[in-house]
Amino acid sequence: MAEITISLPDGSQRSLAKGATATTLAESIGSRLAKAAVAAVVDGAEVDLGRPLPSGAQVAIITGDSDEGRHVLRHSTAHVMAQAVTQLFPGAKFSIGPAIVDGFYYDFELPGGRTFTESDLEAIEARMREIIKADQPFVRAEMPAADALRLFADQPYKREIIERVSSGAADNEDVSEVGSDESISVYRNTPEFVDLCRGPHVPSTGRLGHFKLMKVAGAYWRGNEKGPMLQRIYGTAWESNAALDEHLHRLEEAEKRDHRKLATELDLLSFPSQLGGGLAVWHPKGGIVRKVMEDYSRDRHINGGYQFVFTPHLANANLFRQSGHLDFYRDNMYPPMEMDNGTYYPKPMNCPMHCLIFDARQRSYRELPLRLFELGTVYRYERAGTLHGLMRIRGFTQDDSHIFCTDEQLQEEIASLLDFVMSVLRAFGFTEFTANLSTKDPLKYVGSDEAWARATDALQLALDKYGLPHKIKEGDAAFYGPKIDIDVKDAIGRTWQLSTIQCDFALPERFNLEYIGADNARHRPIMLHRALFGSLERFMGVLIENYAGAFPTWLAPVQARVLPVAEAHENYAAEVAARLHTEGFRVDVDEANDQLGKRIRAAKMEKIPYVLVVGDDDVSAATLGVNPRGGDVERGVALDDFIAGLRAEIAEQLAQGNDRPVPREAATEAPAAGFDPGVIAPATRNLAK
RNA sequence: GCCGGGUUAGCUCAGUGGUAGAGCAACCGCCUUGUAAGCGGUAGGUCAAGGGUUCAACCCCCUUACCCGGCUCCA
């Protein structure tokens, strides 16, 4: 009997009978592997387990618990969903159903413009379970486009995909559906149900089942806003029920961190509907957090060599005409106000006004780099459906900086700017960062190629020097210059885009900005835009979600609450609170009108870092019972010791902003631009536990 | 902006074509508490707003505002 030889990922080789498949191979290795297998990689290409292996092939088995394996499970589950929908809704057209992060979706068009309801999801899910129980095979077939067009005669979206692929106009989305070959591949589950697909798929539907349909939503066909709106069903699918449950649990945890929910619960801020969409008011508790954030930011900026400026919320249309915003950004600007001496707009950006400040008098190279800083409140008309709590909002305050520098300074300035940005972000508890470098869109840009190359190199060099992992986004830059965006990873692994550093060749031109160089000639400065928090609102939202509302002590709205055990201890409680207040801490007292346990519970629900219980023992000994958030109760702590510890803890938290990344080779060198990177000296840091 | 779902007390939510209810919070008492919910009482709502259908609308219909989930957008 003829044999074939295949190589495994560990370098070993196996002989199998001719015609053997990856399933045979997996079985020959072990029954557990055979059971977990969902597809295979043969000579670098993902294929079905049931495909015969060519002799000499390099083969790896894909199991369901790998990223590739889950992708196969999800994609296969999407097919099952499409079959269930076509059974339950005769005449339904189906378009695209890919695997995505954590799950899959499929887009449908129902006859008569019908839409799915939540209860439809239950019925579809039930039918899917029947299909899975029936253990239908996934049978692959390949055919010429003409045959495929006939096969999908009543599926216009499928036909469109086939036509695009066969005419060579396929995009990635299409290719994932059918592959890029001349022939079209399809997978058939039943005589009635067949779907276009590149594969691979699990051998049969019985291999699926750890899934849940999550939600229904509208989605444009091919993402085209002008095209038809389809009905999309999202689902999640995993290799086991344990993995599914874990995922659902993660979603619950994320929901508990939702900043909109916590903002209400913790009385931080709100979005009164009377204000209008996308506009927030900060309550006292949120206000104090913001104030602490702002104070810290201002201190760091002073140390970082920035100069503070203030600009109005409105400007004459001419300003935005000159800056180009009216041409490029009008759709996102609030509508104009007609005044007796012209037309005024609420500002969507601070940059034009900062340009005016630069231009207010003649500038010398000796003043550069000129770093202007403003907590500037701007208004942007975000479309109604795009608003999302603090994350996408219409009125917000940017911690906005514009730096004017010479060509020669650009490199150093960007490097020190990146240091500065990272240092401040670290103070807010973020430790993992990634960046994106967006480069020139060759079809849409202003400025010279040399300038772009120089600026892009400077950004690249700064990232390399800092050792910040980053991706290059080719052609993703705005027309006016390349940029770096910095993403942070939060406590549960989600990433948020916060800071941005952008080069701008356009505005200095439009405002005809100049400085007098050492050569006594006029030169055009380069302008850098930089937002660090992005906006205070959004940053607050990210902080709330990152800390799940439990702000570190230095940021917490109330840092300590004093609870007298009984009325007799209220005077002492007030003394303790007064002392803490004098020492500069945010403290309040909850008098003994309720049971102690109840007051402790209330304080815990408010996520206050320290609950201080004082009773008879404490009055006589000048001590406290310290109940820290997330820690154990300690009785009999001397007030002075508590104060010292609190001060040390806060200093330590702030000092995170001084830490440089450890593995960096150049960690010992001085900051590039010769400025103090903004270290806040923690006087009591040595007192840290 | 588009598709779908919502909006009832400060918060979380019940509820019915015949003009509203709970828990928590608030307030007032009693209790005087040593580490996560003591007891009793009071007050609190134009049921998002406007229009329509109806003898009668919080409930059905329409419009608007706002929110939620997506899509698109985020020079």
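Every chain is numbered from 1 and lettered A, B, ... according to where its sequence line falls, protein lines coming before strand lines.
The residue from A/Trp221, A/Phe89, A/Phe116, A/Tyr157 that alone fulfils the ring pair (Phe, Tyr, Trp, His ring centres under 6.0 Å) condition with A/Phe108 is A/Phe116. Here the rule is salt bridge (charged side-chain N to carboxylate O under 4.0 Å, His left out) with A/Glu545, and of A/Lys256, A/Arg494, A/Arg538, A/Arg257 only A/Arg494 fits it.
Comparing the same atom, C1', in B/G21 and in B/C3 gives a spacing of 35 Å after rounding to whole Å. Of the P atoms belonging to B/C59 and B/G15, the separation is 16 Å, rounded to the nearest Å. On the C1' atoms, B/U46 is 11 Å away from B/U19, given to the nearest whole Å. Distance noted for atom C1' between B/A26 and B/A43: 9 Å (whole Å). Across the C1' atoms, B/C68 and B/A48 are found 15 Å apart, a figure rounded to whole Å. Comparing B/A49 with B/G6, their C1' atoms are spaced 16 Å from each other, to the whole Å. For the P atoms, the distance linking B/C24 with B/A37 amounts to 13 Å, nearest Å. Nucleotides B/U7 and B/A14 place their C1' atoms 15 Å apart, quoted to the nearest Å.
Taking 4.5 Å as the limit, some side-chain heavy atom of A/Met128 sits within range of a side-chain heavy atom of A/Leu213. Using a 4.5 Å heavy-atom threshold, the side chains of A/Val619 and A/Val614 count as separate.
In this model, no donor atom of one side chain and acceptor atom of the other lie less than 3.5 Å apart for A/Asn436 and A/Asp485. Side-chain contact annotation: A/His470 with A/Thr434, donor-acceptor N/O pair under 3.5 Å absent. Looking at A/Ser95 and A/Glu109, their side chains never bring a donor and an acceptor atom within 3.5 Å of each other.
Aromatic ring centres of A/Phe511 and A/His354: separated by at least 6.0 Å. If you look at A/Phe505 and A/Tyr445, their ring centroids are not closer than 6.0 Å.
At whole-Å resolution of the value, CD in A/Gln274 and C1' in B/U46 are 15 Å apart. Atom CG of A/Asp590 and atom P of B/U33 are 17 Å apart (whole Å). Note: CG (A/Asp267) to P (B/U12) measures 12 Å, nearest angstrom. Computed from coordinates, the A/Glu606 CD to B/C11 P distance equals 16 Å when rounded to whole Å. The CG-P distance, from A/Asn593 to B/C27, rounds to 9 Å in whole Å. Computed from coordinates, the A/Lys261 NZ to B/U12 C1' distance equals 9 Å when rounded to whole Å. When rounded to the nearest whole Å, the span between CZ of A/Phe271 and P of B/C67 equals 9 Å. Atom pair A/Leu279:CG and B/C67:P shows a separation of 9 Å (rounding to whole Å applied).
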What one-letter contact string describes nucleotides 69-75 of chain B from 5' to 3', where B marks a base within less than 4.0 Å of any protein heavy atom, S marks contact via sugar-phosphate atoms alone, and - marks no contact?
BBBBBBB
If the sugar-phosphate is the primed atoms plus P, OP1 and OP2 and the base is the rest, what is the B/S/- string for nucleotides 39-45 of chain B, using protein heavy atoms under 4.0 Å?
-------
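For A/Ala566, taking side-chain heavy atoms from C-beta onward, the closest of the listed nucleotides B/A36, B/G1, B/U32 is B/U32.
Atom CG of residue A/Leu624 and atom CG of residue A/Asp640 lie 9.5 Å apart, to the nearest 0.5 angstrom. Atoms CZ and OG, from A/Arg530 and A/Ser401 in turn, are 4.5 Å apart once rounded to the nearest 0.5 Å. How far NZ of A/Lys440 is from OG1 of A/Thr456: 8.0 Å, rounded to the nearest 0.5 Å. Interatomic distance, A/Arg321 CZ to A/Asn316 CG, rounded to the nearest 0.5 Å: 8.0 Å.
Note on A/Gly636: nothing from the nucleic acid sits closer than 4.0 angstrom, heavy atoms only. Nucleic acid contact for A/Gly615: base, since at least one base atom lies under 4.0 Å from a heavy atom of the residue. Contacts of A/Gln231 with the nucleic acid, taken as non-hydrogen atoms under 4.0 Å apart, involve only primed sugar atoms and P, OP1 or OP2. Contacts of A/Leu596 with the nucleic acid, taken as non-hydrogen atoms under 4.0 Å apart, involve only primed sugar atoms and P, OP1 or OP2. Across all strands, A/Asp331 comes closer than 4.0 Å to no nucleic acid atom at all (heavy-atom distances).
No hydrogens or angles were tested; on distance alone, a donor-acceptor pair under 3.5 Å links the side chain of A/Asp618 to the base of B/G34.
When the side-chain nitrogen and oxygen atoms of A/Lys598 are compared with OP1 and OP2 of B/C31, none of them lie within a distance under 4.0 Å.
Where pairing requires Watson-Crick or G-U contacts shorter than 3.5 Å, the helical stems of RNA chain B with at least three consecutive pairs are B:1-7 with B:65-71, B:10-13 with B:21-24, B:26-30 with B:38-42, B:48-52 with B:60-64.
Ionic pairing of A/Arg232 and A/Asp107 is present here: one or more N-O contacts between side-chain nitrogen and carboxylate oxygen are shorter than 4.0 angstrom.
Ranked by how close their nearest RNA chain B nucleotide is to the 5' end, A/Tyr381 and A/Glu118 are led by A/Tyr381. Nearest-nucleotide assignment on RNA chain B puts the 5′-proximal partner with A/Glu567, out of A/Glu567 and A/Arg601.
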